[in-house]
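These notes are about the structure you will find just below.
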Amino acid sequence: MAEPKTNELMEKIVSLCKRRGFIFQSSEIYGGINGFWDYGPLGAELKKNIRDCWWNDMVRSRDDVVGIESSIIMHPKVWEASGHVGGFTDPMVDCKASKQRFRADQIFFAAVVVDGKIAGYVSALESERIAEELQEKAEALKRKKAIQGKLEPVKAQDFTEAKPDEIPLIPSPATGEPGSLTPPRAFNMMFETYVGALRDESAIAYLRPETAQGMFADFKAVLDTGRVKIPFGIAQIGKSFRNEITPRNFIFRSREFEQMEMEYFISDQDDWQKWHRYWIDWCRNWLLSVGVPASQLSEYNHPKEKLAFYSKGTTDIMFRYPFGEQELWGIAARGDYDLSQHAKASGASLAYFDEAAKRQYVPHVIEPAVGVDRIMLAILCSAYCEDQAPDEKGKLESRVVMKFHPRIAPIKVAIFPLLKNKPELVKKAQEVRNLLRPQMTVFYDEAGAIGRRYRRQDEAGTPFGVTIDFDTLGEKPELLNTVTLRDRDTMKQERVKIEELVPLLSGKIR
Ligand code: ATP
């Protein structure tokens, strides 16, 4: 299997997504809108399968987790109590020369030190090879200024760490020249809107930046109606909105995205570390079950000093994307902060009464929070593969194949009549399609040479192909009512009875 290089791989994935109808730029006919994406026919199926698998495993298959769907626009006081109005900010930097905006923690800089003296500064935007890039720029600066002496290895820092007197000396990543970057300032990422006919301060509301607050705000309602007992979880899937300063890396960081979050409430006296570990392992195993390889995953524990004051611990499951190792799934132990904040701000009691112990307390929470779009990108990156397959004449040609796990593949099986101008073949193929359709997503394709049809389905990531040929019709009587079943990955074909297709394929796609 050929392994394309990282940037090249990302370009290939983006282009395949567009070409095959997985993902399009939003409003493309108007030039697009930065940070927003549309999911085409194959993408919408893939995304739905990701959501369905998660909902099935997280909610339906468990006795201790219930699901909700809360509104996207909630009472603005929710966001005051949660701390988002005051503190949901990213540090923003403007380049006055180019009019570009950056996130301060995504600009890296270093002093160029020659023989112990600072000769200038270099900067670059966050990337996989930030240290090398800064070193190369430092060497170039030394050459340009024709300074003699020994260049010290650069020490990369992000722009939030820049001292006030360093800021005017750091070159803008946009122009390469110093003097145009502003000091970082806090930028609130919540999208504002107005509710009702008046457009004044009192009508301001927010598009939710996370789904989690819906679970806290509905905690009492679920407790009163859901017959739940601690420990239990409330889960939700839904859209979230963040006015990201620099949306980038395709669907990895966008301004409208979808989250799958679950708040797992435990006793204040329970061992939170045990539950934290339990949910990290659950999330990791779930990723494996939808085809994300273990080799691409790692764990990152947030250092204690960088945690919010109420947080007991946060671990991110990281995925090795082509543009670097990045957060895919965050699992946070948040103590009783959220429920206590909402109880204080709303006046409602959000305590839990333990019947057995005759004790009342505010539960603590473990929160696994993940973005559907980030999972989808991880799946697209893991599935992309180039290999060799024989063409019509048996000559090897290169093929692109998306090796999606059958559980989440957008189309499970493609149905091909060998020839489209033979009505008996077409009729039989349509019968097979109608037989399978109630059980799984099928795609019927009669256009073009069979090899070309296979290639199209390989790119769509369809794990199985069923071909109806003259033997199906009884040309060899012993093969009457059998079809060939082709496996996408091995390209092996086996002869299978039509009546066995449903149980056989159903077993393979679950
Ligand atoms: P990051 O540090 O990458 O901005 P975060 O730590 O702010 O992420 P959380 O607030 O913990 O993210 O959100 C939970 C999950 O939601 C993330 O792990 C990620 O999968 C997803 N997510 C967050 N922001 C975005 C975004 N802008 N676009 C797509 N997915 C996102």
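Every number for a ligand or one of its atoms is a count from 1 in the order of the listing.
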Under 3.5 Å between some N or O of ligand 1 and some N or O of [X]?
{"X": "E261", "value": "no"}
{"X": "F257", "value": "no"}
{"X": "L328", "value": "yes"}

Query raised in the report: With backbone taken as N, CA, C and O and side chain as the heavy atoms from C-beta onward, which portion of Q326 lies under 4.0 Å from ligand 1: side chain, backbone, both, or neither?
Result: neither
Query raised in the report: Can D373 be said to touch ligand 1, with heavy atoms closer than 4.0 Å?
Result: no
Looking only at non-hydrogen atoms, which of [options] approaches [atom] most closely?
{"atom": "atom 28 (N) of ligand 1", "options": "S240, A212, S254", "value": "S254"}
{"atom": "atom 24 (N) of ligand 1", "options": "R242, E256, E327", "value": "R242"}
{"atom": "atom 3 (O) of ligand 1", "options": "R103, R253, E210, M189", "value": "R253"}

Query raised in the report: Got the closest protein heavy atom to atom 19 (C) of ligand 1, with its distance?
Result: R374 NH1, 3.5 Å
Query raised in the report: What protein heavy atom is closest to atom 13 (O) of ligand 1, reported as residue, atom name and distance in Å?
Result: Q259 NE2, 3.4 Å
Query raised in the report: For the atom pair CG (L207) and CD1 (I72), what is the distance rounded to the nearest 0.5 Å?
Result: 7.5 Å
Query raised in the report: If you measure from the Lys or Arg side-chain nitrogens to the Asp or Glu carboxylate oxygens, is any gap between E459 and R399 under 4.0 Å?
Result: no
Query raised in the report: Is any side-chain N of the basic residue among D64 and K229 closer than 4.0 Å to the acidic one's carboxylate O?
Result: no
Query - ring pair (Phe, Tyr, Trp, His ring centres under 6.0 Å) assessment of W279 paired with W282 - result: CA-CA 5 Å; W279 283 109; W282 189 95; 5.5 Å; yes
Query raised in the report: Are side-chain heavy atoms of M260 and I50 found at a separation under 4.5 Å?
Result: yes
**Report entry** Within 6.0 Å of CZ in R19, more than 12 heavy atoms from elsewhere
**Finding:** yes
**Report entry** ring pair (Phe, Tyr, Trp, His ring centres under 6.0 Å), paired with Y361, selected from F353, F265, Y352
**Finding:** Y352
